[in-house]
Every structure is written in C-alpha cells, then in structure tokens.
Asker: 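Handing you a structure now.
Naming convention: chains lettered A, B, ... in sequence-line order (proteins, then strands); numbering from 1 in each chain.
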Amino acid sequence: MLDHDTLARDLVAVRQPVGQAHGLPSSLYTTPEALALERQHIFHNGWACIGFAKDVAEQGDAHPIDFLGAPLLMVRDKSDNVTVFENVCRHRGMILVEQPRKFGGVIRCPYHSWCYSLDGRLRATPHVGGPGINVHEAVDPTTTGLTPVRSAVWMDMVFVNISGTAAPFDDWLAPLTDMWADFAGKPVYHGGADSSFTLRLNCNWKLAVENYCESYHLPWVHPGLNAYSRLEDHYHIEHSGAFSGQGTRVYDPKLSEAQSFPNFDGLPAKWDTSAEYVSLFPNVMLGIHRDHFFVIRLEPVSCEQTIEHVEIYYTSPEATGPDYADLRTLNAATWKSIFVEDIAVVEGMQRGRHAPHFDGGVFSAVMDSPTHLFHDWIASRLGA
Amino acid sequence: MQQLHHIDAELHRLHDTPDPQQHSQIHERAARLLPDPAEQRFHLTHAWVYALVHGEPTNIDRLETTLRQLDAL
C-alpha cells in the first residue's frame with residue numbers, strides 16, 4: 001500500500017545533495033500503486049522507448065506493443081515512415097492487431113471490419129448506414145482515423161510520448177546528442193537474430209537503471225571485465241534531468257585475434273580507447289563504442305518484474321553479413337555474460353526492498369552520484 | 001440457387017483463412033448471381049473490404065465505382 005504523505009516526505013529526502021540524500025523509498029519498488037503512478041508521471045507524460053524500427057523493417061509491417069497496459073501499434077507505412085497508433089478501432093475499441101504481421105492493404109478490424117490505411121486514415125465502414133450502405137453522416141472518416149501517438153525514431157529506437165505534453169523530442173534528446181555529437185548522422189545496422197536477446201529480471205525496472213549507471217560495482221560483480229577495465233579507468237557521466245552513466249578510457253575488447261568489427265568512420269581519437277554507457281531516463285540503457293552500439297530497452301512487467309530487450313548494432317552493412325557472424329555471436333555472448341552477472345545483484349536489491357526498516361539507503365558521495373542523479377529525476381517527476 | 005449454395009459453402013470454408021483476394025472474388029461472384037440490388041450491395045461491400053485488405057488498387061477502384069452507382073458509398 002502506497003501512503004502518499006509518507007512518499008512525499010521520503011522524496012524530499014531523496015532530493016538532498018548526494019552526501020545527505022536517501023535513496024528512493026522501498027514502496028516505489030514493491031507496490032503496484034507505485035508503478036501506476038510511474039506509468040502516468042514518468043512513462044506516459046515523458047518520452048519512453050517502446051521498441052525498435054527494425055521490428056517493422058518493411059513497408060506494411062505492423063508490430064503490436066503492450067506498453068504498461070496501453071495497447072500500441074507500430075507501423076511502417078507505404079512511404080517508409082514508422083508511426084505509432086493506439087491499437088484500437090475507433091468504433092468499439094476492439095484490439096486491431098494481435099500479432100506482428102505484414103499488411104498488403106488496409107488494417108481491418110476483426111469485429112465489424114472497419115478498415116484503416118497504414119497511415120491511420122479510416123478507409124471503410126462497411127454497413128455503417130445499414131446493410132450494404134457504407135457511409136453515414138454521423139461517422140466522419142476525416143476525424144475518425146486511428147489515434148496517433150506522438151513518436152520519434154533515434155538510433156533505431158522508437159520513442160513515444162503518450163500524453164502529448166512532453167517537450168519536443170529533439171529538445172528532450174539534445175543533451176545526449178550533444179554529448180555524442182561525434183556519432184551524429186552515422187547510421188547503425190542491426191546485427192540480426194544473433195544480436196538480439198532478452199533477460200527476465202525479478203526486480204523493479206529502476207534497479208536495472210541504477211545498477212547500469214554506476215561503475216562502483218564493476219570490480220565486485222564483473223571480475224572478468226575488471227581484468228582490463230579497472231575501476232580507476234572509469235568516469236561518471238551525469239546530466240541532471242536526462243541521463244547518467246559511466247565511461248571507460250580503456251575500451252579494447254579483443255574478441256578475436258584474427259578479426260575485428262569495422263569502426264564508425266571519422267571518429268576523433270578519443271574513441272580509439274573510450275566507450276560510454278548511459279541510462280537515458282527512463283527506460284533505455286545504451287552502450288556506445290567505436291565499432292558497435294547496443295541498446296537495452298527496459299519493459300516493466302510489474303513492480304517486481306522487468307524484461308531487458310537487448311539489441312546490438314554495427315557500423316556498416318558489411319559487419320552484419322555472414323563474414324562477421326561468428327564475431328557477432330561472440331560479441332553478443334560476451335555482453336550477455338556481463339548482463340547476466342548483474343541479475344543476482346538487482347534481484348538481491350529487490351528482495352532487500354522488503355526489509356521493514358530499509359530507508360532507501362545512503363550513497364557514496366563519490367561513487368554513487370550517477371545513481372543519485374537518477375533518483376533525483378524520479379523524485380522530481382513524481383512531484384517532489 | 002445451386003451456385004449460391006456452393007458460394008455459401010466456400011465462404012464458410014474460407015472463414016478463418018487469410019486469403020482476402022479469394023474472399024473478394026467469391027463475394028463478387030455472389031453479387032453477380034443476385035438480382036436484388038440490396039443483396040448485390042451487401043456482397044459487393046464484402047468484396048470491396050477484402051479487396052482493400054488485399055491492397056489491389058485496380059479492383060478497389062472498380063468496386064468503389066460500382067458501389068457508388070448502387071448508392072452504397
């Protein structure tokens with residue numbers, strides 16, 4: 001049970017400077033009411049990632065998505081635009097598309113066969129005026145198309161703002177695109193089936209973000225990673241109100257002695273050895289390197305369950321071809337083993353959130369500031 | 001009448017199959033067999049919807065022209 005007065009007091013404590021702050025209260029990790037609150041204030045009122053444009057790779061492809069209970073439909077239309085609609089017929093609210101599929105023509109509602117073109121226009125209302133009469137003055141096709149959801153695509157990720165009230169997408173994303181300006185305009189190419197996997201976590205979605213954005217845990221949880229990328233080789237990445245994470249100055253993966261992925265063209269020398277790992281609030285965790293890019297999209301399933309959708313992208317079509325298949329498989333397996341190492345700690349923290357006297361925890365003012373920045377963002381979005 | 005029974009049976013058989021082109025063609029055949037304009041409108045409406053689902057512009061245009069002539073669109 002979420003006590004809103006107590007939550008308000010706790011969130012004030014979260015917003016103190018990192019050295020004095022407490023972490024977010026346990027109720028935000030363990031109660032369905034908290035997820036409902038976050039659904040409105042965080043996921044629907046702001047921008048959030050719902051999927052990937054590669055999932056509607058060809059014209060006519062449609063991909064239904066349950067976004068925290070909101071039925072959405074991602075479509076690639078005949079002009080190659082990726083758009084998002086509410087996945088419901090404007091007539092009786094029937095779900096239109098149950099499974100990913102391709103449409104040669106219109107999208108037909110399975111209930112009364114109202115039809116919509118791929119750009120959302122209402123195309124047919126059979127028998128709406130009686131048997132065999134397919135128009136009626138009460139139903140205006142120009143105002144009865146599919147309900148569009150504000151959306152944008154960046155680096156193949158599809159973002160939506162359900163409420164329609166968030167800042168313009170480019171403005172929202174500008175702090176990150178400015179920081180990663182070296183990669184601006186460089187297309188990314190998904191590695192294919194060998195470059196996709198999911199992990200199911202028994203924890204609240206926020207714990208995945210918190211774990212991802214700090215390097216403090218690396219020597220303890222990822223000893224293999226620490227062998228070449230030590231704690232002191234990392235630096236914090238912090239942009240209040242937008243993202244936080246960490247970078248390394250010694251990126252040198254050596255997946256194979258014989259082969260390496262092609263790099264993005266024209267990168268400054270910094271990226272020869274640097275890589276950066278950023279949690280873009282609320283629900284994407286990104287890793288950028290000179291030779292590949294990955295995204296972890298977090299799908300909150302319940303207040304104590306989250307799915308990580310991992311997608312790995314490369315720098316050229318060549319790197320996604322058969323000549324690099326073994327290397328891609330190895331790269332995916334390497335990242336998967338690292339992400340799997342995190343599961344025990346995020347699930348342990350979730351169980352810890354049921355301790356009756358845990359107060360959100362205290363932070364290391366030096367090592368935990370990226371996590372505190374995320375907590376501060378959550379608290380601000382929840383109205384503190 | 002025999003032909004209409006046959007068409008009905010075909011439509012039942014196809015009910016759960018995703019072949020809009022075939023659905024459209026069968027409804028058009030039914031419309032041609034029926035003298036009553038109301039029944040024609042009914043079947044041509046279904047032919048039109050399945051043509052839209054199939055996405056064949058020529059057939060769609062032709063059926064829409066016919067439906068307009070029948071005051072169905």
Asker: How about A:Y189 and A:Y313: are their ring centres within less than 6.0 Å of each other?
Answerer: no
Asker: Can you list, pair by pair, the side-chain donor-acceptor contacts under 3.5 Å of residues 68-75 of chain A, counting residues two or more places apart and other chains?
Answerer:
none

Asker: For A:T177 and A:W154, run side-chain contact (heavy atoms from CB on, under 4.5 Å): C-alpha distance rounded to whole Å, both residues' side-chain angles, the deciding distance at 0.1 Å, then the answer.
Answerer: CA-CA 10 Å; A:T177 51; A:W154 176 68; 3.7 Å; yes
Asker: In a check of side chain to side chain contact (heavy atoms under 4.5 Å, CB included) between A:I312 and each of A:K336, A:R328, A:H292, A:H190, which one passes?
Answerer: A:H292
Asker: Hey, what donor-acceptor pairs show up under 3.5 Å between chain A and chain B?
Answerer:
residue	atom	partner	partner atom	Å
A:G105	N	B:V53	O	3.1
A:V106	N	B:L52	O	3.0
A:R123	NH1	B:E64	OE2	2.9
A:R123	NH2	B:E64	OE2	3.1
A:H127	NE2	B:H46	NE2	2.9
A:N134	N	B:A72	O	2.8
A:N134	OD1	B:T45	OG1	3.4
A:N134	ND2	B:T45	OG1	2.9
A:N134	ND2	B:A72	O	3.1

Asker: Looking at every heavy atom in both A:G191 and A:T320, which two are closest together, and how far apart are they?
Answerer: CA-CG2, 4.1 Å
Asker: Can you tell me which portion of B:L44 sits under 4.5 Å from chain A's heavy atoms? Options are side chain, backbone, both or neither.
Answerer: neither
Asker: What part of B:I60 is in contact with chain A, defined as an atom under 4.5 angstrom from a non-hydrogen atom: side chain, backbone, both or neither?
Answerer: side chain
Asker: Quick one: pull up CG in A:L118 and CD1 in A:I107 and give me the separation to the nearest 0.5 Å.
Answerer: 5.0 Å
Asker: Specify the closest pair of heavy atoms between A:F85 and A:V149, including all atoms of both residues, with the distance to one decimal.
Answerer: C-CG2, 3.9 Å
